[in-house]
Amino acid sequence: MPRLDEENFQGNIGGTGFGYSGTRIERLDASEYTLAAILADDTGSLDGFGDMMRELVAGSAEALCYSPRKENLLLRVAKFSTRYNKGVDEIHGFKPVLSIDPKNDYPVFDTDGLTPLYDAAFSAVGSMNAYAEELNKNYYTANGIAIIITDGGDNRSTATMKMVRDEIKKAVSGEILESMITVLIGINAKQCKDDLEKFKDEVGIDFYIDAGDFTPSRLAKIVGWISQSVNSQAQAKGTGGPSQNVNATI
Amino acid sequence: MIKFFTDHFFCIGSDHVNKNIPCQDYCTSGTFDDIAYAIVSDGCSGGDNTDVGSRVITLATAKAIKENLSFDKPIDEIEQDINIHQRVFSKDIANSLNLSVNDMIATCIYSFISPSGGKVNIKGDGVVAFKYKNGDIVMHKFSWEENAPFYIAQTFDRNSLNNFLKRHNNNLDGLRLEEEIWIKKPGKDFEEIETKKYSLRDGIRGVTINIEEKDLLDLEFIGIFSDGIEQMNQSTSGVLDFVDWKNMVEKLLYFPQKNGEFAKRTIVFEIKTNAKKGSKGFCDDMSCSIIRIEHTSREGE
């Protein structure tokens, strides 16, 4: 049963114990939305990159405020690490990008713990499905894009690969979302590239993108890529299918 | 305290898509100064650029409403002034854009409402519905003999008016416009209340439905629809099988959430639900404008 406060409700992903939150449906004025979920790595292997991870998510949120479809964009941002309950700590749930304060809404990442990659992927896609189901019940329509940013393969997730695969299949075959794009971005991930590609293939993630070394110049490119890809998916809303304009490289 | 909210939506019909004709319906709605208005217009598919005509008529009517609505005049006088200016503005804009009468032949239904009451004015055909807080829906369908509705633009010149009159046997007293009135109570079947017939003269003047101040206490939605609402094709084969217009009205006045684009959400939901079954949706263009009436017990609540 969702818990309520004035602005948001908290829900569960299919009784799994994985939670999410989102703006209360009655506060959403449009008829259709693009749901974007960004799950960002907050593990010990990114020690020293906490500020940059913060810049990455805040920069992406800020860029989306300039989207031509900004009135129809809902963004959820979370961090993942084994030190969090169920591997995921939500920074904010699905909320209109125009209500986000990029300067103040995003903390510096503490970068500690191991990598629960399956938890992150399950949370990203599952939260989108669960929230979209609530939207559908109230006659809203939605499409989605889930972006998971990581520097390593899975260490110790609660969720299984099957759970992730089933959520991805459910997204489109269950007619919950008009379309869904899932992306895994690897940063500083040269050594686990093969593992991440394998994970992508086994669960059905659309793209694995190797973003190379996590440097300030690459950060700007990643932010630009996220913004452009979310915009493309937002503009594909209503076409019945996913955007054909999401680049496979950064 | 009463607050008004509005929403509107129009969509192209599959017949128009198949014939490469643009959507010839248009609608708008809005609120200002404790007043709400809703307008729909349906361009004649036998005309020329009636996609433009329906837009001109709608926007001219909106201008007429905004410029003539005042709390200082009796409501009947307000309606008269709106009607006069609706025609004047429509004709002026048509002339300035060199639009012919054939571009401008479009129906128009409009509604305006204030805390003291309001009106619905029908020139042409279409459907008007009132949904009450207890779930009752009273619906009015207007249709013309020969499927030849009156268009305001037919009064722009003598020839057009004469042709229209001739179509209706040149008899201003002839009963050429019919209004079916039905009621649907929750859990019960549709029940016909009455069928009224109007003379050609009255049809040209426009039919008015009055909304009294006391009606507002129980009223939740005023919906106005073009006659495209009669053509939701539920067939998945080549045969036409339309959902009964009364059922469509009931579906299109159901809003799980009543904020923002509430009308658009419901219409899109119905179109998509039918599409999933293989239907092509509305055959004719369909437009809909809704006014929602919200009562709060105290100011600020």
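Convention: sequence-line order gives letters A, B, ...; per-chain numbering from 1. Quick caveat: nothing in here was measured; it's all calculated off a predicted structure.
- Atom OH of residue Tyr139(A) and atom OG1 of residue Thr273(B) lie 7.0 Å apart, to the nearest 0.5 angstrom.
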Quiz item: For Asp29(A) and Glu261(B), what are the C-alpha separation, side-chain angles and deciding distance, and is it a side chain to side chain contact (heavy atoms under 4.5 Å, CB included)?
Solution: CA-CA 6 Å; Asp29(A) 281 346; Glu261(B) 296 181 339; 5.9 Å; no
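- For Asn259(B) (side chain) and Glu26(A) (main-chain N/O), a donor-acceptor pair under 3.5 Å exists by modelled atom type.
- Contact annotation: the side chain of Arg24(A) never approaches that of Gln257(B) to less than 4.5 Å [non-hydrogen atoms, C-beta and beyond].
- Environment of NZ in Lys246(B): crowded, with over 12 heavy atoms of neighbouring residues, nucleotides or ligands closer than 6.0 Å.
- In this structure, Lys70(A) places its NZ atom where more than 12 heavy-atom neighbours from other residues, nucleotides or ligands lie under 6.0 Å away.
- Around NZ of Lys86(A), the count of heavy atoms belonging to other residues, nucleotides or ligands within 6.0 Å exceeds 12.
- In this structure, Tyr118(A) has no side-chain hydrogen bond (donor to acceptor under 3.5 Å, both in side chains) partners at least two apart in sequence or on a different chain.
- Here the CG-CZ distance, from Asn138(A) to Phe255(B), works out to 13.5 Å after rounding to the nearest 0.5 Å.
- Looking at Tyr254(B), the atoms closer than 4.5 Å to chain A (heavy atoms on both sides) sit in the backbone and in the side chain alike.
- Within a 6.0 Å sphere centred on CG of Asp33(B), other residues, nucleotides and ligands contribute 12 heavy atoms or fewer.
- Residue Lys133(B) qualifies as enclosed at atom NZ: its count of foreign heavy atoms under 6.0 Å is above 12.
- Identified under the salt bridge (Lys or Arg N to Asp or Glu O under 4.0 Å) test for residues 96-107 of chain A, with sequence neighbours left out: Lys95(A)-Asp105(A).
- Interatomic distance, Phe269(B) CZ to Ser31(A) OG, rounded to the nearest 0.5 Å: 13.5 Å.
- Looking at Glu32(A) and Arg265(B), their side chains never come closer than 4.5 Å, going by heavy atoms from C-beta outward.
- Using a 4.5 Å cut-off between heavy atoms, Lys276(B) touches chain A through its side chain atoms alone.
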